[in-house]
Number of protein chains: 4
Amino acid sequence: MSPRGGQPKMVQQGRETRGALLDAAATVVHRAGYAGANIRAIAAEAGVAVGTIFRHYPNKAALLAAVVERETVPVLEALGDLPGRAGTCTVAGNLVEVMTTLALLQEVLLPFELAFLTDPELAAQRRQLMDSKADLPGVPTQLAQYLAAEQTLGRVRTDIPARHCAHVLLATMFGLAANPTSEGPSLPSAVAMFVEGIAPDRDIPTPG
Amino acid sequence: MSPRGGQPKMVQQGRETRGALLDAAATVVHRAGYAGANIRAIAAEAGVAVGTIFRHYPNKAALLAAVVERETVPVLEALGDLPGRAGTCTVAGNLVEVMTTLALLQEVLLPFELAFLTDPELAAQRRQLMDSKADLPGVPTQLAQYLAAEQTLGRVRTDIPARHCAHVLLATMFGLAANPTSEGPSLPSAVAMFVEGIAPDRDIPTPG
Amino acid sequence: MSPRGGQPKMVQQGRETRGALLDAAATVVHRAGYAGANIRAIAAEAGVAVGTIFRHYPNKAALLAAVVERETVPVLEALGDLPGRAGTCTVAGNLVEVMTTLALLQEVLLPFELAFLTDPELAAQRRQLMDSKADLPGVPTQLAQYLAAEQTLGRVRTDIPARHCAHVLLATMFGLAANPTSEGPSLPSAVAMFVEGIAPDRDIPTPG
Amino acid sequence: MSPRGGQPKMVQQGRETRGALLDAAATVVHRAGYAGANIRAIAAEAGVAVGTIFRHYPNKAALLAAVVERETVPVLEALGDLPGRAGTCTVAGNLVEVMTTLALLQEVLLPFELAFLTDPELAAQRRQLMDSKADLPGVPTQLAQYLAAEQTLGRVRTDIPARHCAHVLLATMFGLAANPTSEGPSLPSAVAMFVEGIAPDRDIPTPG
DNA sequence: AATGAATGAGGTTTCATTCAT
DNA sequence: CATGAATGAAACCTCATTCAT
């Protein structure tokens, strides 16, 4: 009769709730897309009440932004040494490794990226977030630095700006992730095509 | 209870309204994204009453689908002879031309593409539309046929399936269109990179 | 280009249109119920433009009221001599005949009756219509007068007011018409049950 | 953009709201008919916000169906022993009692019944509801069983199928409820007329 | 007299957010 | 901290009615 509504439900407290919410949000976004990810679905998935979400995040956007951050930051940190890898192994090998990592990230983040692109209002919010995390260099920058280093080493042709190369490679990866088909090539073979395109002139490639 | 009618307003009639609605819808989608494109905004942009939209299209989705169709169909038709261009001019030139055309289309269509990717329900609708227009072969198919023809002519390396090449190129274009930056290369130079990647072995191409 | 929109369509003119509209309205109401009978459906059924309806009737309610009137008036007129039939044939026979006539009318009118009962606003309009046609005595009145006459003749028990009898009989007919089932009795047998109930004491009825 | 919230308003909680909504819906339907019962009017009558309704019922139809159920179920249950009453008291007395109960129910339910009859789409929904409550035998069935039992006991004439009798009696009650007039007989006297009609032949009833 | 495109109020429903408990 | 009922703005869509042609 009283509106108290059942037992306290023995939910995980504090910190743990935050984690559960991020997991739940990621799950729901993955399942239903950004637009279909409503607060109720996320709360249900996390096993908490709707109001709880607003105790941890000021609004829906902040929750979803937190998901992005949680997934992105470790990847960015892991990529921190990318420029230093120049000259090691093969260019193709390095790029495939990086792209594989990014593809895994993309698996979670793609719906968010799409939403940022879809909704100008959201994009503005994202930019703020990015600025506040400006201490970590972004993926494009890392990749460009790596490629520039490889250019210095003669393992990448020098007549194309490294930033352009990085941008094209990332665009390709994004495009492939966004339009998944059975028609498309595997990630390594796509990278291979790209590497062919940026290889130094074949006359000289492996100087004796 | 009685429809007052408001100002005379010099309303455009019939056919013209349909065009105005398509223009308005495209404008609003461009400005606010697919999700932000609501019926009222479109009606206001077109300078008509909300109800008018539903005289011409059974629902919002149909209106937006009509925008996609109006923009897409002429492009698809213009691309109809693409496979036949194999062997003419240069591979790079042909691809730049096609990609330039598609980039213009993308300018209008990108928000729609993103929405299709974002919202599973929408994607289903799009597939229906595409199936009903199945007489026109899609862009990926055209491009793949063209590349296959060039392979036969020895102007494109044959160790990569033509469908894969087409897919990668389109993915790159999509990725570049979706993430516009000052950092990125111009469209022709991006295509150039791709062409390098699919060129036949350099030992042979320029004999003599 | 001009909004003239095709040829004049060679529609039936003036008077005929009115009849076509009444037919169409009756058809649509029968098919979809009063609530489902919208102006567009009626116009389509009649093969005229929406605007045409409003040239003949000030609003939707007036059109539907006209349908009721067209169907009802001849029936009322045909029933005009009902009280005079007292003493002729048998009571049961007379009632079955009248009820059969009314049942046919009901076939068309039931959705309207239900709507009048459903929508208080509509009921008010109906009352106005009825008042304006007050020169024709209504069915309940006719029937009551007939039964009163039969009471005088000793062919109907006198301990029940004739108006009550009439009301009950009509209520039964309405109820049967409104809830059509395979479970129910035929119209004549229902009337027979009623006649048994109003028959004078059985000791006397069929005097040797 | 931010929900201002308005006055505190001392809102009733949980369960109570559901009851208030059912009451409000019944009131509005009674006042304005089924068609005139819109969500906003019901919310206003209940003193809650529009959105509140949809926290408790998935849609308008479900709310109204809940009204029907709340009113109907106890009546059906109370009628469960009807067939067992055969032979007790008098036939007329038993029927008057039952009909009085049903008349009270009808007072609330009539607009719904009419709507079901008016709108084919609604009727389909009702049938589903009825099927899900199929464990409770409907009123017609109960009544028919009772009358059949009385036939066996010789208190009702046997030359009319009991189902027909039941159907006619209910039709009469429905008809009387639907067309309330000062002209009509009281419920007991209407039942009395019916009972006369189904009484066994007078020659035998009071043997002795 | 007929047309039918345009109108806009009003219908149901969704959902981010608040707040009393 | 957690709860979840309540909120109400805003979305899409319907339809009786008007009016320029």
Side-chain angles (χ1 to χ4, degrees), chain A residues 2-14 17 38-41 43 48-56 58-61 63, chain B residues 1-18 35 38-41 43 48-56 58-61, chain C residues 2-14 17 38-41 43 48-56 58-61 63, chain D residues 1-18 35 38-41 43 48-56 58-61:
Chain A
S2 119
R4 277 285 325 294
Q7 264 84 341
K9 212 181 183 191
M10 201 54 72
V11 185
Q12 53 275 65
Q13 299 285 78
T17 302
N38 60 60
I39 283 286
R40 292 262 271 277
V48 302
V50 178
T52 302
I53 291 179
F54 291 91
R55 200 152 276 287
H56 291 274
N59 51 43
K60 181 184 170 184
L63 167 62
Chain B
M1 199 156 276
S2 78
R4 283 252 355 283
Q7 288 96 318
K9 211 180 189 185
M10 195 57 67
V11 268
Q12 56 270 58
Q13 297 279 88
R15 268 299 145 67
E16 295 179 32
T17 302
R18 227 173 272 249
N38 61 64
I39 282 288
R40 289 238 257 271
V48 302
V50 175
T52 301
I53 291 179
F54 295 93
R55 287 205 64 70
H56 293 276
N59 50 45
K60 179 186 170 182
Chain C
S2 125
R4 276 285 328 293
Q7 264 84 341
K9 208 180 184 192
M10 201 55 71
V11 184
Q12 52 276 64
Q13 301 284 81
T17 302
N38 59 61
I39 283 286
R40 294 261 271 277
V48 303
V50 178
T52 303
I53 291 180
F54 291 90
R55 201 152 275 288
H56 291 274
N59 50 42
K60 179 184 170 184
L63 167 62
Chain D
M1 196 156 276
S2 78
R4 281 258 349 288
Q7 287 95 319
K9 210 181 189 183
M10 195 59 68
V11 268
Q12 57 269 56
Q13 298 281 85
R15 269 294 145 70
E16 296 179 31
T17 302
R18 225 173 274 248
N38 61 62
I39 282 288
R40 292 233 254 267
V48 301
V50 176
T52 300
I53 292 179
F54 294 91
R55 286 205 65 70
H56 293 275
N59 49 47
K60 181 186 171 183

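Just so we're on the same page: letters track the sequence lines, and every chain starts at 1.
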Measure from the side-chain heavy atoms of [X] and tell me the nearest of [options].
X       : options                : answer
B/Val48 : F/dG8, E/dT7, E/dT17   : E/dT7
D/Arg40 : E/dT7, E/dT12, F/dT7   : E/dT12
C/Asn38 : E/dA16, F/dA11, F/dC15 : F/dC15
D/Phe54 : F/dC12, F/dT17, E/dT12 : E/dT12

Is [X] close enough to [N] that one of its side-chain N or O atoms is under 4.0 Å from OP1 or OP2 there?
X       : N      : value
A/His56 : F/dC1  : no
B/Asn59 : F/dC12 : no
C/Thr17 : E/dA2  : yes
B/Thr52 : E/dT7  : yes
B/Arg55 : E/dA5  : yes

Output the distance between atom CD1 (B/Ile39) and atom CG (B/Asn59), rounded to the nearest 0.5 Å.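 B/Ile39 atom CD1 to B/Asn59 atom CG measures 8.5 Å (nearest 0.5 Å).
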Could you tell me the separation between the [atom1] atom of [X] and the [atom2] atom of [N], rounded to a whole number of Å?
X       : N      : atom1 : atom2 : value
B/Ile39 : F/dA11 : CD1   : P     : 10 Å
A/Leu63 : E/dC15 : CG    : C1'   : 15 Å
B/Glu16 : F/dA20 : CD    : P     : 17 Å

Would you please name every residue forming a side chain to side chain contact (heavy atoms under 4.5 Å, CB included) with B/Arg40, sequence neighbours left out?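 Result, side chain to side chain contact (heavy atoms under 4.5 Å, CB included) vs B/Arg40: B/Asn38, B/Val50.
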Can you tell me which stems DNA chain E forms when a stem means 3 or more consecutive Watson-Crick or G-U pairs under 3.5 Å?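 Detected stem regions: E:2-21 with F:2-21.
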Hey, which of these two, B/Gly51 or D/Ile53, hits DNA chain F nearer its 5' end, going by closest nucleotide?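 Nearest-nucleotide comparison on DNA chain F picks D/Ile53.
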